[in-house]
Amino acid sequence: MGKVESLSSVGRELFFKNLLGSGSTLYFQCGDAALKNFDKKSSTAVQSRQIVMERGKLFFRGSVEIDSAAKKSSPARLFFYANSVGYFCDIELSFGVTGAWCPVPDEIKKIQTVERAKSVILSGKLSYMASDVAVEINVSVPESYDALSSTNISKYLCDDFSSEMPGTVGLRKPLELLYVDAAHVVLGDRNSSYPFGIGQRYSIVLDFVLSPVIRRSVRAGCVVTKIESAGERRCFVCAMDRVKEEDSRFLSEGLSRFI
């Protein structure tokens, strides 16, 4: 097994928003043995479109196989794989007439099964109007970060940046690009320099350098939907919209060929 990390609360939210309705395949294995040694051959496949999240619970339409039809509940492991990364969570499935359900998991773990090359260079520009004046802010990925990893949010909020260059401590830090997927972008602010608020709308351009000869720019609108903070440090979770269909396809499918 590769390196295992737990997703942050925002990472879990993004995970479910991206997963549900995507048409991806997830795998269940019920029973105590699944929690110790998950075996895909012994698991049950379920399409993500069969899953509905309501009132803090996940409802699974259709049947989930268990050893005994008389069982009312069973421990289980839910597993999902994408872009060389495995995700899993341990749950307690309850069974009823209409199907199975479980509480939304408190913890989702990520397994980096293949070391991902830092082959994608990513930067961007955020823009908005302030008192009829156009404001543009350059954004870049912090050193040693991978903006395609949803674990960046918890990492950023607790990372030690004490090795900054002398003379820069206390100065306004640049806005940082922490995470990008087909529907979201997460921006980081180290010392509360940017007064962004819930519901505020911006335009963003994301510039990908995929190879020495392949570049791609994605333009979108984005609105702040959630703010995570620790001390002065803040993460702005933004939902993207007004994304061209071919750009959305690139972010959700094409980009995986380069990571």
Side-chain angles (χ1 to χ4, degrees), residues 7-24 47-49 51-54 80 82-83 85 87 104 108 120-142 145-153 156 174-189 193-210 215-229 234-259:
L7 299 186
S8 66
S9 59
V10 175
R12 291 196 302 274
E13 183 177 321
L14 295 178
F15 172 85
F16 283 115
K17 283 185 177 179
N18 290 338
L19 181 61
L20 302 183
S22 68
S24 304
Q47 296 299 310
S48 61
R49 291 194 179 96
I51 305 173
V52 176
M53 184 167 60
E54 292 179 352
F80 170 68
N83 296 336
V85 179
Y87 298 90
V104 172
I108 298 174
V120 176
I121 300 173
L122 176 58
S123 61
K125 184 172 291 185
L126 193 77
S127 60
Y128 60 97
M129 297 296 294
S131 301
D132 296 325
V133 177
V135 178
E136 292 188 340
I137 302 172
N138 291 324
V139 295
S140 58
V141 180
Y145 276 65
D146 174 3
L148 305 176
S149 170
S150 56
T151 60
N152 279 351
I153 299 163
Y156 186 81
L175 194 61
E176 294 174 301
L177 186 56
L178 301 181
Y179 176 70
V180 174
D181 63 25
H184 305 89
V185 60
V186 180
L187 303 170
D189 177 6
S193 298
Y194 300 91
F196 300 158
I198 299 291
Q200 291 182 341
R201 175 171 288 279
Y202 307 92
S203 296
I204 192 165
V205 179
L206 300 171
D207 294 313
F208 296 86
V209 180
L210 305 170
R215 296 170 178 261
R216 176 132 188 185
S217 292
V218 173
R219 297 177 180 272
C222 64
V223 59
V224 180
T225 58
K226 190 169 186 176
I227 300 175
E228 291 278 318
S229 61
R234 297 190 296 171
C235 292
F236 305 104
V237 181
C238 305
M240 288 199 295
D241 57 17
R242 304 200 303 269
V243 185
K244 292 181 180 179
E245 184 178 349
E246 60 268 27
D247 288 336
S248 180
R249 190 160 49 245
F250 163 74
L251 291 171
S252 60
E253 301 173 9
L255 188 58
S256 64
R257 298 197 298 269
F258 297 92
I259 61 179

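As a basis for the values below, the full set of heavy atoms in this structure was taken, side chains included, without hydrogen atoms, waters or symmetry mates.
Thr225 places a side-chain N or O within 3.5 Å of a backbone atom of Val237 that can act as its donor or acceptor partner.
Annotation for Cys222 and Val185: closest pair CB-CG1, 4.3 Å, computed over non-hydrogen atoms. The two residues Val224 and Cys238 have their closest heavy-atom pair at CG2-SG, 3.9 Å. Across all their heavy atoms, Ser217 and Asp247 have their closest contact at O-OD1, 4.1 Å. Shown here for Ala134 and Met129, the closest heavy-atom pair between the two residues is CA-SD, 3.7 Å. Among all heavy-atom pairs drawn from Ala182 and Leu251, the shortest one is CA-CB, 3.7 Å.
Distance CG/Leu187 to OH/Tyr194: 10.0 Å, rounded to 0.5 Å. With rounding to the nearest 0.5 Å, the separation of CZ in Arg234 from OG in Ser229 is 8.0 Å. Atoms CG and CG, from Leu206 and Leu126 in turn, are 9.5 Å apart once rounded to the nearest 0.5 Å. With values rounded to the nearest 0.5 angstrom, Ile153 atom CD1 is found 12.5 Å from Phe236 atom CZ. How far CD1 of Ile198 is from CD1 of Ile227: 4.5 Å, rounded to the nearest 0.5 Å.
In this structure, the side chains of Leu177 and Tyr145 stay at 4.5 Å or more apart for every pair of heavy atoms. At least one side-chain heavy atom of Arg242 sits under 4.5 Å from a side-chain heavy atom of Ser203. The shortest side-chain heavy-atom distance between Asn138 and Ser123 does not fall under the 4.5 Å cut-off. At a threshold of 4.5 Å between non-hydrogen side-chain atoms, the residues Val186 and Asn152 do not count as touching. Using a 4.5 Å heavy-atom threshold, the side chains of Arg201 and Asp241 count as touching. Residues His184 and Lys226 fail the side-chain proximity criterion, which asks for heavy atoms closer than 4.5 Å.
Looking at Tyr156 and Glu176, their side chains do bring a donor and an acceptor atom within 3.5 Å of each other.
Ring centers of Phe196 and Tyr202: under 6.0 Å apart, within the cut-off.
Atom CZ of Arg219 sits in a sparse spot, with 12 or fewer heavy atoms from other residues, nucleotides or ligands closer than 6.0 Å.
Salt bridge annotation for Asp207-Lys125: absent, with no cationic side-chain nitrogen under 4.0 angstrom from a carboxylate oxygen.
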